[in-house]
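Structure record follows, encoded as C-alpha cells.
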Amino acid sequence: MSDKKQASPLVQGYEVVIGFETHAQLATQSKIFSRAPTAFGAEPNTQACAVDLALPGTLPVMNRGAVEHAIRLGLALGSHIAEQSVFARKNYFYPDLPKGYQISQFEIPVVQGGEVSFFLGDEKKTVRLVRAHLEEDAGKSLHEEFHGMSGIDLNRAGTPLLEIVTEPDMRSSAEAVAYAKELHKTVTWIGICDGNMQEGSFRCDANVSVRKPGEPLGTRREIKNLNSFKFMQQAIDYEVRWQIEQIEDGHAIQQATVLFDPDTGETRAMRTKEDAADYRYFPDPDLPPLVIARDWVEQVKANMPELPRQMAARLVQTYGLPEYDATTLTQSPAMAAYFETAAKASGQAKMASNWIMGEVSRRLNNEEKDIAQVPVSADTLAALLKRIADGTVSNNAAKQVVDALWSGEGSDVDAVIEAKGLKQMNDSGALEKIIDEVMAANAPMVEQFRAGKDKAFNALVGLVMKASKGKANPQQANDLLKQKLQ
Amino acid sequence: MSLTLSDIGRIANLARLELSGTQSERMLGQLNGFFDIVEQMNAVDTTGVEPLAHPTAVIDHVSLRLRPDVASEPNNREANQKSAPAVERGLFLVPKVIE
Amino acid sequence: MNELHHLGVAELAAAIADKKTSSVEAAQHLLARAKEHQNLGAYLAFNEDLTLAQAQAADARIAAGERGPLLGVPLAHKDIFVTQGFPTTAGSKMLAGYQSPFDATVVSQLAAAGAVTLGKLNCDEFAMGSGNDNSAYAPVHNPWDAARVPGGSSGGSAAAVAARLVPAATGTDTGGSIRQPASFTGITGIKPTYGRCSRYGMVAFASSLDQAGPMARSAADCATLLTAMAGPDIDRDSTSLDHPAEDYTRLLGLPREGATAAQPLKGLRIGLPKEFFGEGCAPDVLAAVRAALSEYEKLGATLVDISLPRTELSIPVYYIIAPAEASSNLSRFDGVKFGHRAAKFDDLADMYKKSRSEGFGPEVQRRIMIGTYVLSHGYYDAYYLKAQQIRRLIAQDFQQAFTQCDVIAGPVAPTVAWKIGEKSDDPVANYLADIYTLSTSLAGLPGMSVPAGFGAANMPVGLQLVGNYFKEGELLQTAHAFQQATDWHLKTPEGY
C-alpha cells in the first residue's frame with residue numbers, strides 16, 4: 001500500500017481505486033519487428049511490409065531502437081531493467097491483428113517496477129509501476145461504409161509500444177489524470193514518444209473499482225482507449241458514479257471492458273468476447289531471449305537528458321524555488337530552459353517563476369500555444385522583471401507591458417514603458433501631495449478609518465492609486481497613507 | 001485426462017474452426033486417444049528443469065539479435081495484396097467489425 | 001542426351017560446364033519427364049517460361065566463364081518454400097493460387113548459385129504428415145511401388161528425386177519429414193542443425209523444429225546443396241545461428257583423421273541406441289540396417305551400444321510442442337489478407353470459421369485442436385511446459401550419448417513404406433511411427449537418411465545417422481564413405 005499523507009477523498013462514502021495501463025508508441029524510425037517505416041498518416045497499407053502483413057514465411061527481427069527506448073524509460077522511472085526478458089505470443093483473432101497473435105511480453109518483461117511522482121494540488125503523490133513491456137501495435141479498422149464491410153489498414157501494425165502498468169495506487173480521477181500527465185511529460189521529455197494523443201501515440205486504459213474504506217478491492221472494469229486528459233477525468237467520474245449506483249441498487253459489478261462515449265459522457269460495456277481471456281501465452285519460438293548487458297544500460301544512462309525530477313530538484317536548490325514551482329516549470333525541457341534564461345538574466349528567480357506560471361502560461365493556454373511559440377523571449381521577460389524589481393513599473397503596469405510585447409506592438413521593454421507612460425511615480429513629494437488631496441476630499445472616509453473601520457483604508461488607497469493614474473508605487477502609497485492617517 | 005464434447009466445442013471456438021456434430025465426435029475420439037499417450041509425461045520428474053525453448057541453447061547461450069533502427073522496406077503494396085481476397089482503395093475488406 | 005535424368009547434381013553440373021548439354025536442354029528434358037510422370041503426383045506447379053528464363057540466364061553465366069557446382073542445375077522446391085513466379089500452396093487449399101511477393105532465403109541462395117527451378121513439389125499439408133496422403137491435392141505415390149506412400153511430409157521431393165524427375169530437391173524436416181521419405185524412397189537426405197538454414201520464406205509449421213534440407217541421390221550431392229542452402233540469415237531470421245557458412249564437401253572422400261584410404265572411418269564410434277533396435281522395429285528393417293552397419297565396420301568404424309532412454313517419450317513431447325506452435329503459426333490464415341476466404345458467411349466470426357474449416361484438411365485441424373488445447377488456460381503447465389522440460393532432458397540424453405560415440409545410427413522408421421490409405425484412419429498410429437526421428441528434431445541435432453538396402457516387399461530402407469550440433473560435414477563424410485563402398489544409393493525404381 002502506498003504511503004498516503006491524506007485520507008482518500010470519498011465519493012458517496014466509497015473509496016475509488018484506479019490503476020492505469022498506458023500504451024506509448026515509441027518514436028522509432030522502423031517498426032519493432034520489421035523495417036517498414038512508422039510515420040503517421042501514410043496511404044493505407046503502404047507502410048505494411050510482408051512481415052507486418054504476416055505473409056507466409058515471414059519472421060520477426062527485433063529493433064534495437066525500441067529496446068533502447070525501453071531502457072530509457074526504465075532509467076527515468078527508477079525501474080529494474082531485466083538482464084534477460086522474453087517475448088511471448090498473445091493469441092487471439094481480430095482483423096487488425098495479422099498474425100492472429102500479438103508479440104508481447106508476459107512472464108518476464110523488460111522493465112520491472114519503478115514509480116511516477118507528481119503534485120496533486122500541493123500534495124506530492126507517488127504511483128508505483130508494476131512493469132513496462134515491449135509489444136507490437138495492431139492495425140486499424142476503418143468503419144466507413146464499404147458496402148457494409150470494414151476496411152483494414154495495417155500501416156500501424158508492428159509499431160513498437162511500451163505498455164506501462166501501474167499498481168492500483170490512485171484514489172481519484174484527478175489523481176489519475178495528474179499521473180497520466182506526468183507520465184506523458186516523462187515519455188516526451190526523454191524523447192521516446194511524441195506524445196501526440198490525437199494520433200494515438202499515448203493511449204490509456206483505466207482500471208476502476210470502488211469499495212467501502214477498509215474493505216477488500218472491488219471488481220474492476222476497464223475503460224479502454226482514453227486518449228484525452230479531459231475525457232479521462234469525465235470517463236472515470238462517470239464510471240465511479242455508475243458503479244456506486246449499481247452497488248447501492250444491490251447489483252454486483254461484473255468485470256468488463258468499457259468504452260467512453262464523449263458525446264453522451266457515459267461509459268458502456270463492449271460486446272463481451274467470451275474467450276477473450278484465454279490468450280494462450282507461450283514464449284515466442286521465433287525470438288530468443290532479449291539480453292541487456294549492464295554496460296549498455298550505463299551507456300544509455302550517460303546519454304539521458306536531465307530528467308524532470310532531477311531538474312526540479314536542482315531548481316529548488318539553485319534558485320530557492322518551492323517544489324511546486326519547480327515541478328510546474330519542468331513540465332517540458334523548453335519551459336524549463338525559458339525559466340532558467342529569464343531567472344539568470346533578471347536575477348529574479350521567484351518573480352520569473354510567478355510570471356511564467358501565471359501571465360505567460362495563461363496567455364499560452366488561451367491561445368493554445370506551446371512555450372516554443374511564445375512571442376516574448378526569455379531575455380525580454382527578464383528585462384521587464386528587472387524593471388519591476390527596481391520599481392520602475394508596478395505589477396499592474398507590467399501586465400500592460402506584456403500585452404504590448406505579446407501582441408507585437410513593441411519589442412523593447414523600456415521603449416514600451418516610455419511610450420505608454422507606465423513609469424511608476426517614485427517621487428514621494430508628488431505622492432504626498434496626492435494623498436493630502438485625497439484625504440482632504442474624502443474627510444468622512446478618513447473619520448471612519450480613525451473610528452475603527454479598517455476597510456476604509458483600502459478604499460482610500462484605491463482612490464490614491466486612481467488619482468495617480470495607477471502610477472503610484474502601491475507600497476509607497478500604502479506606507480505614506482498609513483503615516484498620514486495616524 | 002479425458003476431454004468432453006463441450007471441450008471440443010470450446011477449443012474449436014478458440015481456434016476459429018467449425019466442426020459438425022459427426023466431426024466433433026470423431027475429433028473427440030482421436031484427441032482422447034492421443035492424450036492417452038501423453039499421460040506418459042506425468043511419470044517424468046522434471047523438478048528444476050528449465051524448459052528448452054530454443055534447441056541449441058543446450059550447448060550455447062542463445063540471445064536475441066538486434067538490428068539498427070532503419071526504415072528500409074519500400075512500399076510494396078501491390079505485390080503484397082496480389083493474393084488478397086477483397087481489397088478496395090488499398091484497404092483489406094472484412095465483414096463489419098463491431099466493437 | 002537421353003540419359004540426362006540419370007545424372008546426379010555433380011555430373012549434370014559438369015556436363016553443363018563442359019558444354020555436353022546446356023541448362024536449357026536439361027530443364028526442357030526434365031520438364032517433359034515431369035509431365036510424363038504426372039501420375040506420381042510429385043509436382044504441384046510449373047512455370048515453364050520462368051524455368052527456361054532461369055536456365056538461359058545460367059547458360060549465359062557459363063558462357064561468360066563462370067563455374068559453380070550448381071550452376072545451371074535444375075532442381076525443384078518443396079511447396080513449403082515461398083517462390084516468386086510459382087504459386088505456393090504448402091499442400092493446402094488454404095493457399096490455393098497464393099503468389100508470394102518474395103522468395104524464401106534458401107531458394108534465393110540456391111538461385112544465386114545458379115540452380116534452376118523446375119517447379120513446386122507436393123507435400124503433406126503445412127508439412128504435417130508422414131505419408132504425403134495429407135495433401136489437399138493428389139496424394140504422392142512411391143516410385144518403387146505406386147500403391148505405397150513415398151513418406152512425408154516431403155513426399156513430393158522424395159518421389160521426384162527417386163523417380164529421376166529431378167537430380168535434387170529441397171525438403172523440410174520438423175519431426176522426420178526429410179529423413180523418413182528419403183528412407184522410404186531409397187534416396188539421401190539430411191536435416192541440418194536447427195538454425196543452420198534460414199527459415200525465412202518457409203511456411204511455418206513448428207518454429208522451434210522446422211529446418212530446410214537437401215534431398216538427392218548421394219551424400220555428395222546433398223553436401224553441394226547444403227553448402228548453398230546453409231548460412232546465417234542475420235537480416236531476416238532471428239533463430240538463424242550466427243555460425244559461419246561451411247563447405248560441406250570439404251571432407252568428402254577424405255579419410256578421418258588418423259584413418260587410411262582403405263579404412264576411412266577408422267576411429268569413428270557409431271552409437272546404436274538400444275531403444276532403436278528393439279521390438280518396435282520390423283525385423284526386415286533391422287536386418288537391412290544391421291547389414292549396412294557391418295559395412296561401416298568394414299570401413300573402420302566401431303559399433304558401440306548406447307541408450308537414449310527417453311526415446312518413447314519423444315512422441316508425446318513432440319506431438320505437444322509441434323501442434324502448439326503450429327496452432328499459433330496457422331492463426332494468420334483467417335481469410336483477411338491472403339489465402340482462402342469462404343464464399344458465404346454471416347459475419348466476421350463466421351467468416352473466420354468457415355474459411356479456416358474449408359481451407360484446412362482434417363490432419364491440420366486435428367493438430368490445431370491439440371495445439372490450442374495444450375496452450376489453453378489451465379493446461380499450459382501440465383502439457384506445453386512439461387513437454388519443453390522433457391525436451392531438455394532428451395537433448396541432454398544425446399549429449400550424454402555423444403561422450404561415448406561420435407555418430408548415432410539406427411533405422412529411420414520402424415517399417416518400410418506402407419500402402420496408401422492403410423493408416424489414414426488412425427492418426428495416432430502415424431504419430432507412433434515417427435519414434436526414431438522425433439528426438440533428433442527436439443534436440444535440434446543434424447540427422448541424415450542414407451539408403452541402406454531393401455526390406456519387406458522390396459521397399460527401400462534407410463539408415464539414420466545423427467551427429468552432434470554442427471557436425472553435418474562429418475555426417476556427410478561418413479555417409480559418403482559408405483556410398484563409395486556400396487551402391488544402394490544408385491538403385492533406380494523400375495520404369496524410371
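Hydrogens, waters and symmetry mates play no part in the numbers below; they use all other heavy atoms, side chains included. Just so we're clear, the structure is a prediction, and the values are computed from it rather than from any experiment. In what follows, every chain begins at residue 1, and chains take the letters A, B, ... in the order their sequences are listed.
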Worksheet item: Side-chain contact, heavy-atom cut-off 4.5 Å: C:Asp347 with B:Lys96?
Response: no
Discussion item. In the structure I gave you, are the side-chain heavy atoms of B:Val58 and C:Phe398 within less than 4.5 Å of one another anywhere?
Written reply: no
Item to complete: Any ring pair (Phe, Tyr, Trp, His ring centres under 6.0 Å) involving residues 348-372 of chain C? Give me the pairs, sequence neighbours left out, ordered by first then second residue.
Response: A:Phe93-C:Tyr352, C:Phe126-C:Phe360
For the residue pair [X] and [Y], what are the closest heavy atoms and their distance?
| X | Y | answer |
| --- | --- | --- |
| C:Asp233 | B:Arg65 | O-NH2, 4.2 Å |
| C:Gly339 | B:Pro85 | O-CG, 3.7 Å |
| B:Leu52 | C:Ala395 | CD2-CB, 3.9 Å |
| C:Ser376 | B:Arg10 | OG-NH1, 4.0 Å |
| B:Asn13 | C:Lys353 | OD1-NZ, 2.9 Å |
| B:Ile11 | C:Tyr373 | CD1-CD1, 3.3 Å |

Checking [X] side chain against [Y] main chain: does a donor-acceptor pair fall under 3.5 Å?
| X | Y | value |
| --- | --- | --- |
| C:Ser357 | B:Glu18 | yes |
| B:Arg16 | C:Met351 | no |
| C:Arg341 | B:Val94 | no |
| B:Ser83 | C:Gln99 | yes |

Heavy-atom distance under 4.5 Å to chain C: side chain of [X], backbone, both or neither?
| X | result |
| --- | --- |
| B:Ile8 | both |
| B:Asn80 | both |
| B:Ile37 | both |
| B:Met41 | both |

Worksheet item: Got a sec, which residues hit side chain to side chain donor-acceptor pair (under 3.5 Å) with C:Asp397, two or more places apart in sequence or on another chain?
Response: C:Arg310
At a heavy-atom distance under 4.5 Å, which candidate from [options] has the highest pair count against chain B?
| options | answer |
| --- | --- |
| C:Gln396, C:Lys337, C:His340 | C:Lys337 |
| C:Pro316, C:Gly444, C:Ser355 | C:Pro316 |
| C:Thr239, C:Val317, C:Ile234, C:Leu393 | C:Ile234 |
| C:Leu385, C:Ile320, C:Ile315 | C:Ile320 |

Let's test your reading of the structure: which of [options] forms the most heavy-atom pairs below 4.5 Å with chain C?
| options | value |
| --- | --- |
| B:Val38, B:Val62, B:Val49 | B:Val49 |
| B:Gln81, B:Arg26, B:Gln30 | B:Gln30 |
| B:Ala53, B:Ala57, B:Ala43 | B:Ala53 |

Rounded distance (nearest 0.5 Å) linking atom [atom1] of [X] with atom [atom2] of [Y]:
| X | Y | atom1 | atom2 | result |
| --- | --- | --- | --- | --- |
| C:Phe402 | B:Ile59 | CZ | CD1 | 11.0 Å |
| C:Tyr98 | B:Lys82 | OH | NZ | 10.0 Å |
| C:Leu313 | B:Gln40 | CG | CD | 5.5 Å |
| B:Glu50 | C:Arg391 | CD | CZ | 14.0 Å |
| B:Leu17 | C:Ile368 | CG | CD1 | 5.5 Å |
| B:Phe34 | C:Tyr319 | CZ | OH | 9.0 Å |

Chain B contact via [X] - which portion, at a heavy-atom distance below 4.5 Å:
| X | result |
| --- | --- |
| C:Glu312 | both |
| C:Phe345 | side chain |
| C:Tyr384 | neither |
| C:Ala382 | backbone |
| C:Ser100 | neither |
| C:Leu445 | neither |
| C:Asp350 | side chain |
| C:Ser328 | neither |
| C:Leu442 | backbone |

Discussion item. If you count every heavy atom of other residues, nucleotides or ligands that lies below 6.0 Å from B:Glu78 atom CD, does the total exceed 12?
Written reply: no
Worksheet item: Is C:Arg236 salt-bridged to B:Glu73, going by a charged N under 4.0 Å from an acidic O?
Response: yes
Discussion item. Under the side-chain contact (heavy atoms from CB on, under 4.5 Å) test against C:Met369, which residue among B:Leu3, B:Asp7, B:Leu19, B:Leu14 passes?
Written reply: B:Leu19
